[in-house]
Structures are given as C-alpha cells and as structure tokens.
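Let me begin by presenting the structure, written as structure tokens, before commenting on it.
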Amino acid sequence: MPLPERGLDRDALFEKVRERKAEDAKWDQGRTFSLIYPTGRDDVDEVLMEANNLYLYENALNPFRFPSLQHMEAEIVEMTGALVNLPESGGGTMASGGSESILMSVLVNRERAQRERGVEPAKGNIVYPTSAHAAFAKAAHYLELEARPIPIKDDYTADVDAMANAVDDNTVLLMGSAYGYPHGVMDPIEDLSNLALERGIGFHSDTCVGSFVLPFLEKLGYDVPLYDFRLPGVTQMSCDVHKYGYATKGASVILHRNADWVWLQLFVYESWPSGLYGTPTVAGARPAGPIAAAWSVMNYLGMDGYLELMRGLMATTAKIRAGIEAISELSIMGNPIGPLLTFTSDVIDTYAVCDLMDDRGWNLDRNTNPNGLHMMISPLHEKYADEFLSDLRWAVANHGESRGIEARYN
Ligand SMILES: Cc1ncc(COP(=O)(O)O)c(C=O)c1O
C-alpha cells in the first residue's frame with residue numbers, strides 16, 4: 001500500500017481509524033481477560049491519559065536531556081523494589097515489559113556465570129518449569145543458551161526434584177513463577193531458590209503478574225508463601241507495572257539483589273562517530289509515556305489505593321470462581337492464589353464452550369495440556385461478572401463440537 005497521494009482531513013481520517021478499531025476486542029466492556037488490566041475507574045484512566053499526553057514526544061534514550069524521566073524511572077524502581085523487599089544493596093532498571101525484563105535477567109546471569117564460575121556462554125543452559133512464561137524460552141533463544149523446560153506436577157506447580165536433576169555445572173539460571181501465567185499457581189519459590197543458592201546459581205522469581213498483587217494480598221491478610229528478596233536465594237525479580245500496577249503498556253521493572261549486576265545489563269559503545277552510546281535495555285529510543293504513566297498511577301493510587309482495588313478485585317474473583325465451581329461440568333485448575341483462574345472439564349470440550357463464548361464477544365484464552373480456559377480478572381470485571389457467568393452457564397449447556405483452531409483466527 002503506497003502512501004496516499006493527498007493527506008486525509010482529520011474527520012475522514014479518524015472515521016477510518018474508528019472503523020478499524022471497531023473490529024477489536026471490547027476490553028472496555030469487560031470482554032477481555034488478558035492483555036489489558038482496566039480498573040474501570042474514570043479518575044485512574046484520566047491520570048494515565050494526562051501523563052501519557054504530557055510525555056507524548058519525549059525520548060527516554062537520553063537521561064541528560066530529560067532528567068525528569070530519569071528521576072521518575074529511578075523512583076519507579078525504588079517503589080517497586082520496596083514492595084518486594086529489595087535489599088539496600090540492590091538495584092534495577094525499567095524495561096518495556098516482562099519479556100524484556102526477563103531477557104535482561106537471563107543476560108545478566110549468563111554474564112555472571114561466565115565471570116564467577118567460568119561457564120562458557122555457548123555451553124550455558126537455563127532450567128525452568130514448563131509453566132514458565134514463554135519469555136524464558138525466547139531469552140534462551142536470543143542469548144543462545146540451551147533451554148531446559150521441566151514438566152510440572154499434577155497440581156501445575158514446578159517439580160523441584162526434577163528441576164534439581166536437570167541442573168548441571170553449566171546452568172546459569174533457575175526460575176519459578178510467583179505466580180505463573182497459565183494457571184495462576186505459586187511455584188515453590190523457597191525450595192527452588194534454596195536449590196539455586198546451594199548450587200551457586202542465579203534464581204529469578206518471575207512476578208510479572210504477581211508483583212502488584214502478592215504484596216497487597218499479604219497486607220490484606222491472605223496466606224502468601226514467601227516469593228521475594230526475603231528469600232536469600234532470589235537474585236532477580238521481574239515486576240510489571242503495566243499489569244496489576246495499572247500503568248499503560250511499556251512499563252516493567254527488572255530488579256537485582258546486587259546493584260553491581262545492573263552493569264551487566266548495560267551495553268556501552270565507545271567507537272561511534274556520534275559519541276559514547278549506552279543503553280540499559282534492548283531499546284534505543286524509548287517512549288517516555290509509559291514512564292510518566294507508571295510513575296503517575298503509582299503515586300496517584302498509593303498503598304491505600306492499591307489495597308482498595310485489590311479488596312474489590314478479590315471479591316470479584318471469588319464470585320467468578322464460585323460461579324464456575326457451581327457448574328458441575330467445570331473445575332478450577334490447581335490452587336490459584338490471585339485474580340487469575342483457569343478452568344477445565346473432564347466431561348465436556350472446553351474449547352467448544354469457548355467457541356460459543358467467542359460468539360457472545362467474550363475473549364477467553366485457550367490453555368493446552370490439558371485443555372482449559374484462562375482468565376485474568378481485573379477490577380472492571382466487577383460490573384460484568386453476572387453477565388459472564390450467565391453466558392458461561394448457557395455455553396456449557398448448549399455447546400456443540402469445537403470448531404477447531406481455524407475458526408479462532410478467521
Ligand atoms: C508470569 C509472566 N511473566 C512474564 C510475562 C511477560 O510479560 P510481557 O507480556 O509484558 O512481556 C507475563 C505476561 O503475561 C507473565 O504473566
């Protein structure tokens with residue numbers, strides 16, 4: 001498609017944009033259960049919009065030109081670190097999302113293993129449960145490390161013994177999820193991080209979804225096993241502000257127990273005609289909006305705001321969970337700790353149920369091995385929980401054959 005000969009006028013232009021947008025999932029009507037984490041609150045949305053607008057054009061590549069961004073970024077890292085008990089000696093940076101935080105953690109641990117234990121990068125491996133986010137396999141691929149995914153147990157948690165057997169002298173990183181994306185269950189982080197500590201290997205506690213959930217659940221009195229820097233074996237944590245921190249996309253934090261390890265993230269290049277070039281993550285030019293939005297929403301909500309949202313969110317999760325459990329054909333997979341539920345069935349094809357839910361505009365994700373349907377619940381869903389459960393009961397009662405994978409992508 002070539003550039004149009006003549007530019008469109010603004011009205012015609014936005015008519016076209018809106019026409020295209022009409023095809024998208026209706027997240028603002030509670031129809032999506034991943035990708036977006038809406039609070040459903042106009043005041044929060046306005047804060048996010050104003051922060052993004054204020055920093056629409058700035059570039060976070062050069063902190064000397066835009067010190068406000070550098071300071072906000074440093075404070076986001078500090079506030080996030082405080083939530084997950086990062087020690088004084090720790091440090092970190094922002095990244096564009098969970099995947100980039102994880103990539104940086106794997107890179108740092110590859111470098112550490114080489115420097116501290118003489119592990120040749122070409123021979124290195126990472127050991128993770130199959131429930132780990134795909135970003136770990138991707139990082140291994142990019143960094144040319146061997147990926148060793150280890151089957152999980154029947155309760156969908158990591159198998160510590162099997163992981164221990166997979167570790168060898170060339171293992172540069174072990175990880176566990178607190179909690180994991182596929183089923184919302186906590187891996188045994190204490191046992192896994194102790195294993196890593198005993199073997200002198202880095203341990204990444206992946207709290208991309210959990211970092212802005214678990215600290216608040218703990219404060220609200222829920223029983224939350226240790227998962228953060230209070231465990232001496234945890235060396236890295238990934239914390240996404242753009243999930244349950246409610247920032248707009250492009251805001252994650254990668255934390256290291258030892259601030260010196262942040263240097264291993266840095267790429268510095270001195271022999272460029274344009275002068276010294278250095279970046280802490282993959283991106284060169286970086287959008288400033290996500291930094292401003294993350295800083296603003298964290299300061300706007302504060303601890304009391306996050307706790308209030310979490311209280312309501314757990315009540316909505318409990319309601320949806322009870323509604324699913326009341327459908328005799330369905331069962332919740334494992335023991336999810338937060339606002340993430342996956343359900344399956346021994347007697348019906350959940351993908352066929354999902355096809356009918358698709359027809360009614362609901363966007364559930366399809367899990368595999370075994371088949372199941374996946375939901376990340378957000379505060380906005382409070383308004384839509386009854387409608388969702390009623391449609392789910394209808395879909396379970398009326399489903400036919402699953403239409404197969406093609407039907408989903410057409
Ligand atoms: C546990 C976990 N880790 C990592 C990621 C990757 O985050 P992102 O999609 O922001 O790259 C996710 C995303 O849902 C996740 O749930």
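Note that ligands are numbered from 1 as they come in the structure, with each ligand's atoms numbered from 1 the same way. When reading the values below, keep in mind they use all heavy atoms of this one structure, side chains included, and skip hydrogens, waters and symmetry mates.
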Checklist entry - Which one of K243, M376, K249, K138 has a non-hydrogen atom at the shortest distance from atom 9 (O) of ligand 1? => result K243
Next on the checklist: Once you measure the plane-to-plane angle for Y181 and H133, does it fall in the parallel (<30°), tilted (30-60°) or perpendicular (>60°) bin?
Outcome noted: perpendicular
Checklist entry - Under 4.0 Å from ligand 1, counting heavy atoms only, is it the side chain of S99, its backbone, both or neither? => result both
Checklist entry - Where does the angle between the aromatic ring planes of W362 and F388 fall among parallel (under 30°), tilted (30 to 60°) and perpendicular (over 60°)? => result perpendicular
Next on the checklist: For a 4.5 angstrom cut-off between non-hydrogen side-chain atoms, does F33 reach H381?
Outcome noted: yes
Checklist outcome for this item: Smallest heavy-atom separation, S296 atom then V47 atom, equals CB-CG1, 3.9 Å
Next on the checklist: Do T281 and T93 have side chains that approach each other closer than 4.5 Å (heavy atoms only, starting at C-beta)?
Outcome noted: yes
Checklist entry - Just going by heavy-atom distances, which of L340, T207, D206, L35 is nearest to atom 1 (C) of ligand 1? => result D206
Checklist entry - Is the number of heavy atoms from other residues, nucleotides or ligands within 6.0 Å of CH2 (W394) greater than 12? => result yes
Next on the checklist: Angle between ring planes, Y269 versus F267, binned at 30° and 60°: parallel, tilted or perpendicular?
Outcome noted: parallel
Checklist entry - Would you say Y181 has any N or O atom under 3.5 Å from an N or O of ligand 1, going by distance alone? => result no
Checklist outcome for this item: Looking only at protein heavy atoms, what sits closest to atom 15 (C) of ligand 1 is H133 CD2, 3.5 Å
Checklist entry - What about G98: any of its N or O atoms under 3.5 Å from an N or O on ligand 1? => result yes
Next on the checklist: Does the residue H242 have a heavy-atom contact with ligand 1, meaning some pair of atoms that are separated by less than 4.0 Å?
Outcome noted: yes
Item to check | D240: numbered ligand 1 atoms lying under 4.0 Å from its heavy atoms | outcome: 7 (O), 10 (O)
Checklist entry - So is there a nitrogen or oxygen of Y179 less than 3.5 Å from a nitrogen or oxygen in ligand 1? => result no
